[in-house]
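Excluded from the calculations below are hydrogen atoms, water molecules and symmetry mates; all remaining heavy atoms, backbone and side chain alike, are included. The first residue of the sequence shown is numbered 1, and numbering continues consecutively from there.
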Amino acid sequence: MQGYAPQFYAIAGNDKLSTDALPPNTTEIPLSFIKNASAHFTIKAEGVDNLIPAEKVYLKDLKTGSSILLNKNPEYQFTSDEGDNPQRFKLLFAPVGILENIVNDKIKVYCVNNRVEIRSEKPIDATVNIYNVTGQKIAVSAMNNQKSASVRIDDFSGVAMVSIIGNNFITTKKIVIQ
């Protein structure tokens, strides 16, 4: 809602959402922030300790590169300047017991024709789930000690979320399938 308050919302495709229903195994939610006249802000997460099943919840600030575990510290204070990129935050989820390094930036995901290509610097064991923006599962694949995988996607075009879940990491990437 625009007005005197800053804008803080989830993103699904081209839609700005105040409320978002998520598919099972969602590990990442992109969040946008547009400041008002103020420069200092606080994000407060309530209820993160009551999630069933129990999960670690992280807030990643893409501008500063910092990540905080909201389960331990539910408040994040930050500053915002005019002209900041609105796509500033990511909310990340990991089951209790997953290592702290839940985002593996060494995994690349892209689409070529009707194939989703996954590339990793090192061989990984992981499950690859591909969802459309409404949370419907489009495809599932496995990586068994592999550096790369290719998943054919037929009868779908548009924005998709690729969730890669390994033994000690979880990462989600947004792609466009054409």
Side-chain angles (χ1 to χ4, degrees), residues 1-2 6-35 43 45 48 51 53 55-67 70 76 78 80 83-95 98 101-121 124-143 146-166 169-178:
M1 301 180 135
Q2 293 181 341
Q7 297 176 49
F8 189 58
Y9 51 89
I11 303 166
N14 293 327
D15 297 323
K16 299 175 182 179
L17 308 174
S18 65
T19 307
D20 196 358
L22 303 171
N25 299 320
T26 297
T27 58
E28 182 177 303
I29 302 171
L31 298 169
S32 287
F33 178 84
I34 299 174
K35 69 183 264 35
I43 294 173
V48 293
L51 295 175
E55 293 192 86
K56 292 182 180 178
V57 182
Y58 296 84
L59 179 68
K60 181 167 184 150
D61 186 334
L62 301 174
K63 179 181 177 182
T64 65
S66 63
S67 294
L70 293 172
Y76 178 66
F78 64 99
S80 183
D84 280 356
N85 183 352
Q87 297 175 352
R88 178 164 177 174
F89 296 102
K90 287 185 181 179
L91 197 59
L92 306 161
F93 300 91
I98 295 289
N101 182 18
I102 64 168
V103 178
N104 187 343
D105 290 329
K106 298 183 190 290
I107 295 177
K108 305 297 181 207
V109 178
Y110 54 93
C111 186
V112 176
N113 298 325
N114 287 352
R115 295 184 125 2
V116 175
E117 302 290 334
I118 299 109
R119 302 286 184 262
S120 174
E121 288 183 2
I124 59 172
D125 292 315
T127 300
V128 178
N129 295 301
I130 304 173
Y131 300 94
N132 66 19
V133 293
T134 62
Q136 296 171 312
K137 193 177 286 188
I138 300 168
V140 177
S141 185
M143 294 180 70
Q146 295 171 280
K147 285 181 155 184
S148 65
S150 181
V151 181
R152 184 161 179 82
I153 305 294
D154 291 318
D155 303 324
F156 177 82
S157 64
V159 176
M161 302 301 287
V162 180
S163 175
I164 305 164
I165 305 169
F169 70 92
I170 298 173
T171 189
T172 302
K173 309 284 185 173
K174 181 169 71 169
I175 61 169
V176 176
I177 300 172
Q178 298 179 347

Validation row: I153, I138 side chains within 4.5 angstrom (heavy atoms): yes
Euclidean distance, S120 OG relative to K106 NZ, rounded to 0.5 Å: 9.5 Å
Straight-line distance of Q87 CD to L31 CG, nearest 0.5 Å: 10.5 Å
Contacts of type salt bridge (charged side-chain N to carboxylate O under 4.0 Å, His left out), residue D15, not counting sequence neighbours: none
Candidate pair K173 and T171, rule side chain to side chain contact (heavy atoms under 4.5 Å, CB included), full reasoning: CA-CA 7 Å; K173 309 284 185 173; T171 189; 3.6 Å; yes
By salt bridge (charged side-chain N to carboxylate O under 4.0 Å, His left out) - contacts of R119 (at least two apart): E117
Separation of F93 CZ from K56 NZ (nearest 0.5 Å): 14.5 Å
Nearest-0.5 Å distance that lies between atom NZ in K90 and atom OG1 in T172: 8.5 Å
Heavy-atom side-chain contact between I107 and I124 under 4.5 Å: yes
Minimum-distance pair of heavy atoms, taken over all atoms of M143 and A149: CG-CB, 3.6 Å
Nearest-0.5 Å distance, OG of residue S157 to CD1 of residue I177: 8.5 Å
Contact check, side chains of V151 and V162, non-hydrogen atoms, under 4.5 Å: no
Residue list, salt bridge (charged side-chain N to carboxylate O under 4.0 Å, His left out) with K63, at least two apart or on another chain: D81, D84
Stepwise side chain to side chain contact (heavy atoms under 4.5 Å, CB included) test for I130 and V116: CA-CA 9 Å; I130 304 173; V116 175; 3.9 Å; yes
Evaluation steps, side chain to side chain contact (heavy atoms under 4.5 Å, CB included), between L91 and Y58: CA-CA 6 Å; L91 197 59; Y58 296 84; over 6 Å; no
Side chain proximity check, K137 to N129, heavy atoms < 4.5 angstrom: yes
D61: partners by salt bridge (charged side-chain N to carboxylate O under 4.0 Å, His left out), with sequence neighbours left out: R88
Residues in side-chain contact (heavy atoms from CB on, under 4.5 Å) contact with D155, at least two apart in sequence or another chain: none
Verdict with reasoning, N132 to F156, per side chain to side chain contact (heavy atoms under 4.5 Å, CB included): CA-CA 9 Å; N132 66 19; F156 177 82; 3.6 Å; yes
Atom pair CD (Q7) and CD1 (I34), whose distance is rounded to the nearest 0.5 Å: 4.0 Å
Residues in ring-ring contact (aromatic ring centres under 6.0 Å, His included) contact with F78, at least two apart in sequence or another chain: F33, F41, Y76, F89
